[in-house]
Amino acid sequence: MCGIVGYVGWRSVQDVVVGGLRKLEYRGYDSAGIAALAGGQVCAVKSVGRLANLEARLAAQPLDGSVGIGHTRWATHGRPSDENAHPHLDCGGRFAIVHNGIVENYLTLRAELLQRGHVFQSETDTEVIAHLMEELYDGDLVSTTLNVVRRIRGAYALVVLHRDDPERLIAVRRSSPLVIGLGQGEQFIASDIPAILEYTRDVYVLDDGELAVVRRDGVECFTLSGEPVNKQPFHVTWDAVAAERGGYAHFMLKEIHEQPRAIRDTLTGRVADDHARVILPELNWSPEVAAGIRRIHIVACGTAWHAGLVGKAVLEQLVRIPVEVDIASEYRYRDVIAPEGTLVMVISQSGETADTLAALRAAKARGNRVLAITNVVGSSVAREADDVIVTWAGPEIAVASTKAYTTQLVALYLFATYLAQERGMLRGDEVRALLTALDSLPQAAEQVLDTAPQIQQFARRYAGVHDTFFIGRGLDYPLALEGALKLKEISYIHAEAYAAGELKHGTLALVTDGVPVIALVTQTHLYDKTLSNIKEVKARGAYVLGLTFVGDEQLAESVDEVIYLPRTLPLVAPAVAVIPLQLLAYYAAVERGNDVDKPRNLAKSVTVE
Ligand code: M6R
């Protein structure tokens, strides 16, 4: 996710801001920029690529002054480029803005501002904020900022610098994190604590819907309706490395906990307020394109392939067209039958996986339309596909994929609903039920995270085992595959996933006394069938941990332990039910003393065949 640093004080703003941005590099970025007040002007320097590129420009064109803002960008709207890098300025060059998040209604605002004569320099959603500040400026920076944020929808952290108000910066938070570092005669703003830890350990953590007026000699906080807020400083005791992980012991745990936010961001702007429609402006498909799709091939690797397996079931159920799912390293060498009307979908967190990219290129060479679901806007997959749906998970640092997977599922649900809606396959009430369920996923994900202590206890008891099985039917089967992969990948415990009904065709021979079996029971229409399979493994002595919805009293009678999930539609359950499985893998790996974020033999991005 984007990194933000702001400074008001007496030191060189360039040093503080660039130094702070460097501490945020772990978050990932594709471009960077800084704006400072110097000689009564707003001066901005930006560069695509690494911070070193920005530093090279600053060496040639140093920025004086001790008030300014900086940003590392993780592209969402518009490719990585100098122009799209933040800070963004208004037409008069009086306001500079850095922003983390998404302005949902930016297209409407942009059209309005263009009509009013504003000239845009970038393709970003953020630039509308700079022009809105200019448009609505009433002589007071605080009231203007409040009026601007009332006009923008979405999730954001925002910092505003104004030429004519050189003694203060304004910081606003809605959903995206922002902290204010408290100093003597100087104050700091940052999207994350490591950026300012060198200077202060006392911070205000802005809550959602708060605005801070940041001056050299102090900070005042307000609600977005202008009421003063009395905030208590938080004293940071973490060391610099722990601070990068937001206080979590590992990036993987941090990323597991980021899932409610990541799911929310991936939904943002894509579901109509009344839940009546999916809006995917990035596709811009004519009715003919949507109607012309006769079959879909989904191609991906690892966790992304598991997401594809869920996508197949969802697309087939909602759109009623045949969907094949392939592992990219197989697909690229197989004699694929993909006649006209085949949509090839590639799913890749990094957008750089060699096999997935090769499959994409082969599909394009055959003349197939390619739709990519990826987490990295400027990636090779994003650049080469015909259409792209971006998951807004933010950079994923741990090798084990967690938030990328759940947001891939969300993107697949959105696309399947969109395609069904465009082809007239769903009634209004069906669309509403689905979109209401999708909209409640972030909250459900929050609730599921509360199961962590129970899972940790289970992991403590079972971390010493050699084998384990994950079983499920229907959508619980790809979920089982993902649970088993997570466990293998970081705990190094052998884990096998089985379609529960398939066990008796061979694998049941391996189920003996005390073997842990994780039984996934979220697919209501298959409940009784899965229960019978659970009884089969119980009869062979397995220790069964069941996963079901809250309110299911029956499962507890047939298993040894139950983890309860908040109720949701079975179709969207994998996005929530995977979280306890991620936690199980995490705690088992910790218990075994493994390097959780960098498991042996594995790399985050597999760019070789
Ligand atoms: O970047 P991609 O999504 O293309 O990566 C695909 C796989 O390498 C990846 O999902 C891998 O399986 C994960 N590390 C599993 O946690």
Side-chain angles (χ1 to χ4, degrees), residues 28 74 250-256 258-259 262 266 298-311 325-332 344-361 370-385 388-412 470 478-493 495 497 574 578-579 581-586 588-589 594-609:
W74 169 267
H250 298 95
F251 278 111
M252 183 182 176
L253 190 60
K254 176 171 183 264
E255 286 158 7
I256 289 174
E258 280 173 352
Q259 289 179 107
T266 303
I298 301 181
V299 189
C301 302
T303 287
W305 175 66
H306 297 156
L309 293 172
V310 174
V325 189
D326 263 82
I327 292 169
S329 54
E330 292 295 316
Y331 188 81
R332 62 183 291 196
V344 176
M345 290 178 69
V346 295
I347 308 175
S348 173
Q349 184 284 131
S350 61
E352 301 296 348
T353 301
D355 285 320
T356 309
L357 197 54
L360 178 159
R361 287 177 180 154
V370 177
L371 165 63
I373 294 180
T374 182
N375 197 33
V376 183
V377 172
S379 61
S380 307
V381 159
R383 282 184 278 114
E384 295 186 32
V388 183
I389 299 178
V390 176
T391 53
W392 287 326
E396 197 176 57
I397 291 158
V399 166
S401 187
T402 54
K403 60 179 182 170
Y405 173 75
T406 41
T407 55
Q408 282 161 357
L409 292 185
V410 170
L412 285 160
F470 288 72
L479 180 63
L481 285 167
E482 178 56 9
L485 177 65
K486 279 300 86 100
L487 193 68
K488 281 183 274 206
E489 190 179 12
I490 57 168
S491 77
Y492 317 147
I493 296 173
V578 73
I579 295 174
L581 308 185
Q582 297 166 343
L583 287 166
L584 175 61
Y586 172 77
N594 295 352
D595 186 348
V596 173
D597 287 333
K598 291 195 179 76
R600 67 186 182 203
N601 306 340
L602 299 175
K604 181 64 186 162
S605 184
V606 187
T607 53
V608 290
E609 198 179 341

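As the structure lists them, so they are numbered: ligands from 1, and atoms in each ligand from 1. By convention here, the first residue in the shown sequence is residue 1. All figures in this text were calculated on a predicted structure; none of them were measured in a lab.
Annotation for ligand 1: atoms under 4.0 Å from non-hydrogen atoms of Lys486 are 15 (C), 16 (O). Close approach of ligand 1 to Ala400 is summarised as follows: ligand atoms under 4.0 Å from at least one heavy atom of the residue are 16 (O). In the vicinity of Val399, heavy-atom distances shorter than 4.0 Å reach the ligand 1 atoms 13 (C), 14 (N), 16 (O). Of all the atoms in ligand 1, the ones that sit under 4.0 Å from a non-hydrogen atom of Ala304 are 3 (O), 10 (O). Within ligand 1, the atoms closer than 4.0 Å to a non-hydrogen atom of Ser348 are 1 (O), 2 (P), 3 (O), 4 (O), numbered from 1 in the order shown.
A donor-acceptor pair under 3.5 Å is formed between the side chain of Asn594 and the backbone N or O of Ile490. Between the side chain of Thr266 and the main chain of Trp392, a donor-acceptor pair closer than 3.5 Å is present. Not one N or O on the side chain of Glu482 forms a donor-acceptor pair closer than 3.5 Å with the backbone of Leu479.
Between Glu352 and ligand 1 there is no heavy-atom distance shorter than 4.0 Å.
Residues Val410 and Thr391 fail the side-chain proximity criterion, which asks for heavy atoms closer than 4.5 Å. Side chains of Asn601 and Tyr492 form no contact here, defined as non-hydrogen atoms less than 4.5 Å apart. Within the 4.5 Å cutoff, side-chain heavy atoms of Leu412 are placed close to those of Ile347.
Among all protein heavy atoms, the one lying closest to atom 1 (O) of ligand 1 is Ser350 OG, 2.6 Å. Looking from atom 8 (O) of ligand 1 to the surrounding protein, the closest heavy atom is Val606 CG2, 4.1 Å. Here the heavy atom of the protein found nearest to atom 5 (O) of ligand 1 is Thr353 OG1, 3.5 Å. Nearest protein neighbour of atom 3 (O) of ligand 1, counting heavy atoms only, is Gln349 N, 2.6 Å. Among all protein heavy atoms, the one lying closest to atom 11 (C) of ligand 1 is Thr303 N, 4.1 Å.
Residue nearest to atom 14 (N) of ligand 1, selected from Glu489, Glu482, Gln408: Glu489 (by heavy-atom distance). Among Ala328, Cys301, Gly302, Ser379, the residue whose heavy atom lies closest to atom 6 (C) of ligand 1 is Cys301.
With Ser401 as the fixed residue, the side-chain hydrogen bond (donor to acceptor under 3.5 Å, both in side chains) test singles out one of Glu396, His306, Gln408, Gln349: Glu396.
One distance of note links CG of Leu584 with OH of Tyr586; it measures 13.0 Å at 0.5 Å rounding.
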